Amino acid sequence: MTDKSNNWQRETDAEGIVWLTIDQAGASANTLGRELMEELNDILGELEAQRPKGLVIQSAKANFIVGADIREFTHVKTPDQARELIRRGQAVVNRLEGLRCPTVVLINGFCLGGGLELALGCDYRVADDADSTRLGLPEVRLGIHPGFGGAARLPRLVGATAAMDMMLTGRSLSARAAKKIGLVDHAVPQRHLQRAARELIRTRPKIKQASGLAALGNHALVRPLLARVLRKKITAKAHPEHYPAPYALIDLWRKHGTDKLAVLRAEELSVARLVTGDTARNLVRVFFLQERLKSQGDKKAFTPQHIHVIGGGVMGGDIAAWCALRGLQVTVQDRNDGHLAQVVKRAAKLYKKKLKKPRLVQQALDRLMPDKQGQGLAQADVVIEAIFEDIEAKQNLYREIEPHMKEGALLATNTSSIPLQVLGEVLSDPNRLVGLHFFNPVAQMQLVEIVTTPDTHPDAAKKAAAFTRHIDRLPLPVNSSPGFLVNRVLMPYLLEAVTLEAEGLAPKVIDAEALKFGMPMGPILLADTVGLDICLSVAEILSKELGVEVPSRLRELVKAGRLGKKSGHGFYRYDKQGKPLGTKAGRGEYCPPDTQDRLIARLLNEALACLREGVVSDANLLDAGIIFGTGFAPFRGGPLHYIEQAGRDKLAKKMDDLYKNYGERFPVDESWLTSERRSE
Ligand code: NAI
């Protein structure tokens, strides 16, 4: 017998087992939305009366359930509406758990958030042992924590330490790792999933629960101690005022442990409060900004196979390595053998970390070919130039390579400051050139600026954005203007930090002020990490084109060979492992009260100027670029969003005061004074 609703298909086999298959209508992945849950609720009601021999839940798609339907979050306006939604979700999972027949869930692909909470309501879990299987509760990344009973069921099942680690970090586990901690009963190849389910229903083994040491963490006497340790760990990473969710989760668990009813009630109240708070709203906003960036590139528009990178230095080498990691065939050209050897060495390190399995590491290395003579050029679909930041060197290279490039191949430069118009002068078809501006370190920075001029062939821009998506990076279209978007907005903030240091503030004090605002890394440490020589060269360009003042302190340090982390000494000193020394600010250090304002104001002012000048096409893309290109405090939703939330008038007044006190470094952008509101 087969029965079908919009999202579920139900079939009862000859043994009397009900097979319930999720296949969300009109979607490529299953998400746990209202309709899907309501239909499940109805089906469970019928099964209560039917009393089948067993129930198996599975997915017809490549993933089980990828999480909640985040779009629905944005419709929740009040804590009461949120509580209602949570109560309904909890009721469905409770109903599943309460069925009087054995229940099994078969997990393939992503089983995340509400999807995993649903799976926790079943008696048994069996996961496909493929590499693509991932189980996790990533809610903290959206500023909330599990609300459909996950906080009650997971610690009871796998013990407090493993459960809290999953919920506080949002990290997901492979099938094998999930089996190890007891989250799934079996991890088997896909072809054995259904057989494993039948076997469990037939034999009905004892339902798993944490035991021994794993269970001890949940004990009422141990919880306060463990909670303190967890809090300390979180405090090192996230401030409670910026990211309240992990703290709320620890408190809830410390108070109620595995008392399911109490935890469910506490989850309801806590998630309802969090989801309607600023942090969650802004993190949800960041989620959609990321989706928006993804939508800037259409993978189907262009499917490159072979990438040729010229210049195997810091950037070119890492771009080449990243492309090969993402499955593309790559040749990397450099005239220096030593640099090419370094490229392969760094790539091997990256692949070991990311791919782990020696076979996969070897395959990725096989895709990355050092190519001193540039033989890959003629076959390449994308040619990326990443040689020295020197106009003449780049132009000479273009003259040489253009005649040898394949018809329709994309020519891209990673320049951080030279206008495309200037570089393109030597090309027979200058409008084929685009900028693909990656950030350092390539493997960590998700954003790539797609730089174009008004004359760039639209096809070239499209191909550049498509290529960026193929290598799983986020494309941001920007105009070829000085510093593009990210460096232009970031640099005044970094330079203000250098000025503050020159005025006598300790680097750690300046960095602490930025961390208090919510930046992931202070500006002084960031400048040291980027390299003070690189900062200086970008600053010089901005100074020439836009009149930005370059502090003499920066020139002095570069002249003295203090280049930052790479030379072992910049503003900070570095140990042999490259760890900065003396970064922790103590109490009572000299710090004028307007320090944080000075740093942030310059960044905000430049962001407004970029929007006004049309460096990017709208405010949301600007916010997205600054968050993913600089790490700007994500819980604040981006610089322009922050201006609206903190109060444009209030900040404009501060800007005015700073101008009066410090002069031209704080040129109040005209758009502070207009009533123009940002587009949503
Ligand atoms: P780098 O100095 O580390 O590497 C340049 C490499 O190009 C060297 O290995 C050199 O041997 C090679 N090279 C120079 N001329 C060549 C030629 N004609 N043929 C073949 N190889 C040649 O420089 P880096 O830092 O990697 O910068 C490269 C480009 O990326 C520059 O345009 C820079 O502005 C840009 N960029 C740099 C960032 C950074 O943080 N370092 C960030 C974003 C962009």
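Just so you know, residue 1 is the first one in the sequence shown, and it goes up from there. Remember, predicted model here, so these are calculated numbers, not experimental data.
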| Can you check whether Leu485's main-chain N or O pairs, donor with acceptor, with Glu449's side chain at less than 3.5 Å? | yes
Taken to the nearest 0.5 Å, the spacing of Leu249 CG from Ser270 OG works out to 7.5 Å
With a 4.0 Å cut-off, would you call Lys654 and Asp597 a salt bridge? yes
Rounded to the nearest 0.5 angstrom, the CD-CZ distance for Glu670 and Arg612 is 4.0 Å
Output for pair (Ile384 CD1, Thr413 OG1), nearest 0.5 Å, gives 10.0 Å
- request: State, with a plain yes or no, whether a side-chain heavy atom of Lys462 is found less than 4.5 Å away from one of Pro458.
  value: no
Notebook entry, point to check: Is Thr583 reaching over with its side chain to a backbone N or O of Pro580, donor-acceptor style, under 3.5 angstrom?
Noted result: no
Item to complete: Evaluate the side-chain proximity of Met655 to Phe666: yes if any heavy-atom separation is below 4.5 Å, no if none is.
Response: yes
One should read off an interatomic distance between Tyr574 OH and Leu525 CG, to the nearest 0.5 angstrom, of 5.0 Å
*Please determine if Glu589 and Lys508 form a salt bridge, counting it only when a charged side-chain N lies under 4.0 Å from a carboxylate O.*
yes
Rounded to the nearest 0.5 Å, the CD atom of Glu241 sits from the NZ atom of Lys516 at a distance of 11.0 Å
Review point. Just wondering, do Phe467 and Leu436 contact through their side chains at under 4.5 Å, heavy atoms?
Key: yes
Check: So, does Glu496 use its side chain to make a donor-acceptor pair with the main chain of Leu599 at under 3.5 Å?
Finding: no
Let me see the working for Arg273 and Glu268 under salt bridge (charged side-chain N to carboxylate O under 4.0 Å, His left out), right down to the final yes or no. CA-CA 9 Å; Arg273 190 169 37 81; Glu268 177 193 322; over 6 Å; no
Heavy-atom closest pair (Ile86 atom, Gly147 atom, distance to 0.1 Å) is CG2-O, 3.3 Å
Asp80 meets the side-chain hydrogen bond (donor to acceptor under 3.5 Å, both in side chains) criterion, sequence neighbours left out, with none
Report task. Take Ser417 and Glu389 through the side-chain hydrogen bond (donor to acceptor under 3.5 Å, both in side chains) test and state the conclusion after the steps. Result -> CA-CA 8 Å; Ser417 57; Glu389 188 73 340; 2.6 Å; yes
Donor-acceptor side-chain pairing of Asn479 and Glu613 below 3.5 angstrom: no
- salt bridge (charged side-chain N to carboxylate O under 4.0 Å, His left out) between Arg292 and Asp618: does it pass, once the steps are laid out? CA-CA 12 Å; Arg292 172 100 194 276; Asp618 64 55; 2.7 Å; yes
_If you count every heavy atom of other residues, nucleotides or ligands that lies below 6.0 Å from Lys294 atom NZ, does the total exceed 12?_
yes
* Counting heavy atoms not belonging to Lys566, are there more than 12 under 6.0 Å from its NZ? -> yes
When every non-hydrogen atom of Arg346 is compared with those of Gly317, the smallest separation belongs to NH2-CA, 3.8 Å
For residues 472-495, the ring pair (Phe, Tyr, Trp, His ring centres under 6.0 Å) pairs (sequence neighbours left out) are His437-Phe484
(message) Between Arg473 and Arg469, is there a side-chain heavy-atom distance shorter than 4.5 Å?
(response) no
Please check if the side chain of Thr456 supplies one atom and the backbone of Thr453 the other of a donor-acceptor pair under 3.5 Å. yes
Residues Asp669 and Ser671: side-chain donor-acceptor under 3.5 angstrom: yes
Worksheet item: Is any side-chain heavy atom of Trp672 closer than 4.5 Å to a side-chain heavy atom of Asn605?
Response: yes
For Leu433 and Gly424, the nearest pair of non-hydrogen atoms, with its separation, is CD2-N, 4.0 Å
One should read off an interatomic distance between His569 NE2 and Leu563 CG, to the nearest 0.5 angstrom, of 11.0 Å
Carboxylate-amine/guanidinium proximity below 4.0 Å for Glu606 and Arg602
no
In short, Val140 meets Leu168 closest at the heavy-atom pair CG2-O, 3.6 Å
May I ask you to check if Arg598 and Tyr662 form a cation-pi contact, with NZ or CZ under 6.0 angstrom from the six-membered ring centre and within 45° of the axis?
yes
Worksheet item: Would Glu556 and Lys559 pass as an ion pair if we require N to O under 4.0 Å?
Response: no
* Got a sec: does the NZ of Lys394 have more than 12 other heavy atoms crowding it under 6.0 Å? -> yes
Open item on the list: Is any side-chain heavy atom of Asn440 closer than 4.5 Å to one of Val530?
Closed with: no
| said: Regarding Tyr642 and Asn282, do their side chains bring together a donor and an acceptor under 3.5 Å, going by distance alone? | reply: no
Applied to residues 580-634, the ring pair (Phe, Tyr, Trp, His ring centres under 6.0 Å) test, sequence neighbours excluded, yields Phe517-Phe632
Check: Glu549/Ser543 side-chain N/O donor and acceptor closer than 3.5 Å: no
